[in-house]
Amino acid sequence: MAAKIHILMLEAIESDALLIEEELRKAGLEFIIRRVSSEQDFKHIIDHEHPNLVLSDYLLPEYDGISALDYVLSRGGSLPFIFVSDAVAGEFAIEMLKRGATDFVVKQRLSRLVPAVRRALNECGKQHDRRAAQPASNDVESRYRALLKAIPDMILRINRDGDILDFTPARFFDTQLASLQLTDKNLFEQAANNALAKLLQQKALRAFAIRDISVEEFQLQDADYLVDIEIRAVFSDNDSVLLIVRDIHDRKVAESVLIEAKERAEEMNRIKSNLLANLNHEFRTPMNAILGFTSLLNSGTDDPEQHMYAQMLHKSAERLMHSLNNIIILAELQSGSLLLDSSLFRLDDELREITSYYQEVAAEKGLKLLTETNCDTEDLYIRIDPALFRIVINNLLSNAIKFTEEGSIVVTIDRLENDGKPLARISVRDSGIGIVEDFLPHAFDEFRQQSEGISRNYEGIGIGLSVVHKLTKKMGGTVEVKSERNSGATFSLTYPLVTKAGKQHLLIDSWATTDKDYQEPRAELSLLIVEDDSITRELMTEYLARFGTIDHARDGESALSMCRSNPFDVILLDINLGNSKMDGVETFKAIRRLPAHTATPVIAVTAYARQKHRRELLQAGFTDYLAKPFQAEDLQRLLTKYTSNQ
C-alpha cells in the first residue's frame, strides 16, 4: 500500500480547510493533514516532522503565506509549496511563482488542486530519485555536478569567448536543444543557425558588460508548438557567466488563467454596479407614481371606505419602498460599490426631522415617541453621509415601532469621551418584546429574524439591522444592542464629534426650508415638465395644476425645441430620459445656451437619489434637485421657492 502523503496546511478558516480536504479525498489521495495558523506551529512542523507538501493561504490573522514560503525556501531542499487562496490580482500570483512557489490555486477553482498536488509530488519524487542515484562523495566537484543534474533548468557556464565550460543535461524543448551542441563546443559559433544560442549569446554579452543579473522571457518555436522560456544571466567572475534557461510554460498557463479570472471578476463587478444603479432607478420611478397617486386618492375622496383603501395602499407602498432601499444598500455594501458622501451637520436637527415623521406612525399604533437630550446640543456636529445616516435611524425607529405593542420609544442623545476624543451616542430604546439571549449574537446577521419560517409573527425580510450595522461601521461608528426578552431593546450608535476647528465648512443644505419657501408663487406660471415616464408626468401635472399652464416633453430634443419658442418660468427636468439622444444633463446645458433661459430655474427631478448625485447635479449648474419618490409638498415647496418673488 502506498505511503500516505503528509500535508502541512496553513489555513485559518475551518470551512475552507474542509473543502480542500474533501477535494483531495474525492480524488482518492491517501493523506494525513496537519492544519496550523500560527508561525510557531508552522516552523515547528517544518523543522521536526518533515511534511511532503505545504498548502498555504496567503493571508492569515497571525501569519502570512509569503513569510511561510520564504522560510521553506531558506531551509533548502525541494519541499513543494502550493498557495491555495482567494482570487487575487494576477500580478500577485505571478510574483509568488517567481519567488519560488510551486503553484497557485484559487479557492474558487479547487478542481485545479489535485492535478497541481500530483504534479508537485511527482517532480519532487524525480528530484529525490536523482539525488539518491548519485554516489556519495565528499568531493566538492562531485557534489556540484550532482546539484546541477538535480536542477530541472538548463544551466550553462561560458567564458568571454563563448566556450561552454559546464552544462546540465537537456530536459525540455528537444528540437532546439537537439541542434545545440554543448560538449566541447562554442556557444557563440552556433548563434547564426540556432535561435536559442543567439538569445543566450545576447544575454551573456550583456552580463559581461553590466556585471549584474538580468532576466528576460522569450517564446521559441519548438517543433510544432511555441515554448515559453526564461533566460537568466548571472555574472560569475571575470572569466565566466552562468546562463540559466527555465521552462515557464506551466507558469504562463497559470498566469493566463489568473488574468482571465481577474478580468472576469472585474467585468462582473462592473455589471453588478450597473445593475444596482438601474435597479435603484427602476424601483424609484414606479414607486414615485404609486406613492403619489395613492396620496392623491387619499386626499381626494370623502368616501370612508375608499379613504381607508387608499391609506392601506399608501402604507403598503411605503413598506415596500423601505425594503427596496435596504436591499439596494445591502447589495452595494456587499459588492463594494457603495461610496460615502460625507457632510457636516448638526445631530439634533437631523434627528428631529427624522423622528417627526415617525411621531404619526407611532401614534397610529397607540405608542409615544419621545426624544431626550442629555447634553448641550450646540456642539453636536458629526461628519458622515447624511442620507445613509437617515437610513440607519429609519431602520432603528421602524424596528422599534414594529416590535412594540404598547408603551413608548425613546430616542436619546448623549455626549461621551473616549481617550479624550468627543463622541455622540444616539440610543433608541423601546418597551417591546425584546430579544432572547440566544439570538442576541445574531441580531445583526443578514436575513435572520427572531421569529422565522412560516409561523413568524412579524413582517420584514431580516436585513434592516444588518444594514444598520454595516452602514454604521462604514461611516466610522459603532452599534451595540442590549435587550432581554419581554423587556424591550436598546440600540446605541456612537459617532465621532467634529471639533470646533472642523466646523469651518458647515454644509448649508439648499433644500432646507424656511418660511419664505411657503409663500404663494405668482399666478399663472409657465412650467415645462421634461420626463420620459408618462405616469410621472401625469402625477407632476396633478401636483402642480394650480400653479399655471404646464407643457410636457418626453425627451431632450423636444424640450430644447419648446424652449426655443417659449420663455418658461420654471423647468422640471428628469436626468434619465430613456431613448432620448440627450440625457438630462446634456439637455440642461443646451437649454442654458438659449438667451431666454440663461437664468431660468431648472430643477433636476430624478431617481438618482444619493447625496453624491445631488452634489454632482448642483455642481453641473442645476438650480435645485428633487429625488424620487417625492411628495406633492416637496415639489410645491421648490416651485414657490423660486417663483414667489418674481
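For the single chain, residues carry numbers from 1 onward in sequence order.
Nearest approach of Gly476 to Pro496, heavy atoms of both residues: O-CD, 3.7 Å. Minimum interatomic distance between Val114 and Glu23 (heavy atoms only, all atoms of both residues): CG2-O, 3.6 Å. The minimum heavy-atom distance between Arg118 and Ala27, with the atom names listed, is NH2-O, 3.1 Å. A pairwise comparison of heavy atoms in Ser37 and Glu62 identifies O-CB, 3.8 Å as the closest pair. Pairing each heavy atom of Ile82 with each of Ala120, the nearest pair is CD1-CB, 4.2 Å.
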Exercise for review: Evaluate the criterion side-chain contact (heavy atoms from CB on, under 4.5 Å) for residue pair Val36 and Ile45; output intermediate values, then yes/no.
Suggested key: CA-CA 9 Å; Val36 299; Ile45 293 176; 3.7 Å; yes

Practice item. Kindly indicate, with the supporting measurements, whether the criterion side-chain contact (heavy atoms from CB on, under 4.5 Å) is fulfilled by Phe491 and Val468. Key: CA-CA 10 Å; Phe491 288 87; Val468 167; over 6 Å; no

Review point. Hey, mind stepping through Asp47 and Arg75 against salt bridge (charged side-chain N to carboxylate O under 4.0 Å, His left out) and telling me if it holds?
Key: CA-CA 9 Å; Asp47 293 340; Arg75 307 296 292 172; 3.2 Å; yes

Check your understanding: Stepwise, does the salt bridge (charged side-chain N to carboxylate O under 4.0 Å, His left out) test hold for Lys26 with Glu22?
Key -> CA-CA 6 Å; Lys26 284 191 303 185; Glu22 181 60 23; 5.7 Å; no

Exercise for review: Quick one: do Leu60 and Ile13 satisfy side-chain contact (heavy atoms from CB on, under 4.5 Å)? Show the steps, please.
Suggested key: CA-CA 9 Å; Leu60 299 95; Ile13 302 174; over 6 Å; no

Practice item. List the steps and the verdict of side-chain contact (heavy atoms from CB on, under 4.5 Å) for Ile20 and Met9. Key: CA-CA 10 Å; Ile20 293 169; Met9 182 187 297; 3.8 Å; yes

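Side chains of Ile32 and Ile5 form no contact here, defined as non-hydrogen atoms less than 4.5 Å apart. Thr494 is not listed as a side-chain neighbour of Glu480, based on a closest heavy-atom distance of 4.5 Å or more. At least one side-chain heavy atom of Phe31 sits under 4.5 Å from a side-chain heavy atom of Arg25. Inter-residue side-chain proximity for Leu79 and Val54 is flagged as met; some heavy-atom pair is nearer than 4.5 Å. Inter-residue side-chain proximity for Ser85 and Phe104 is flagged as met; some heavy-atom pair is nearer than 4.5 Å. No side-chain heavy atom of Phe81 sits under 4.5 Å from any side-chain heavy atom of Leu10. For the pair Leu55/Ile7, a side-chain contact is recorded, criterion being any heavy-atom separation below 4.5 Å from C-beta on. Side-chain contact check for Asp163 versus Leu187: every heavy-atom pair is 4.5 Å or farther apart.
A salt bridge is defined here as a Lys NZ or Arg NE, NH1 or NH2 lying under 4.0 Å from an Asp or Glu carboxylate O, and Asp103 with Arg112 meets this definition. Electrostatic pairing of Glu39 and Lys43 counts as a salt bridge here, judged by a charged N lying under 4.0 Å from a carboxylate O. Here Lys421 does not pair with Glu417 in a salt bridge; the nearest charged N to carboxylate O distance is not below 4.0 Å. A salt bridge links Lys107 and Asp57; the closest N-O separation between the charged side-chain nitrogens and carboxylate oxygens is under 4.0 Å. Salt bridge Glu14/Arg35: present, at least one basic N to carboxylate O contact under 4.0 Å.
Between the CG atom in Leu24 and the CG atom in Leu110 there is a gap of 9.0 Å [rounded to 0.5 Å]. In this structure, CG on Leu388 lies 10.0 Å from OG1 on Thr472, to the nearest 0.5 angstrom. Summarising the geometry, atom CD1 belonging to Ile158 is positioned 8.5 Å from atom CD belonging to Gln201; distances are rounded to the nearest 0.5 Å. Atoms CG and NE2, from Asn52 and His6 in turn, are 6.0 Å apart once rounded to the nearest 0.5 Å. Atom NZ of Lys4 sits about 11.5 Å away from atom CD1 of Ile33, to the nearest 0.5 Å. Atom CZ of Arg160 and atom OG of Ser240 lie 9.5 Å apart (nearest 0.5 Å).
A donor-acceptor pair is defined here as one N or O able to donate and one able to accept, closer than 3.5 Å; no such pair exists between the side chain of Glu49 and the backbone of Pro51. The backbone N or O of Gly488 sits nowhere less than 3.5 Å from a side-chain atom of Asp430 that would complete a donor-acceptor pair.
Between the side chains of Ser427 and Thr490, not a single donor N or O lies within less than 3.5 Å of an accepting N or O. Side-chain contact, Ser398 with Asn395: no donor N or O sits under 3.5 Å from an acceptor N or O. Counting only N and O atoms by type, the side chains of Ser67 and Asp70 include no donor and acceptor under 3.5 Å apart.
For Tyr58 and Phe83, the distance between ring centers is not under 6.0 angstrom.
With Val392 as the partner, the side chain to side chain contact (heavy atoms under 4.5 Å, CB included) test is satisfied by one option alone out of His469, Met475, Lys470: Met475. Each of Leu8, Thr102, Leu121 was scored for a side chain to side chain contact (heavy atoms under 4.5 Å, CB included) with Leu53, with one residue passing: Leu121.
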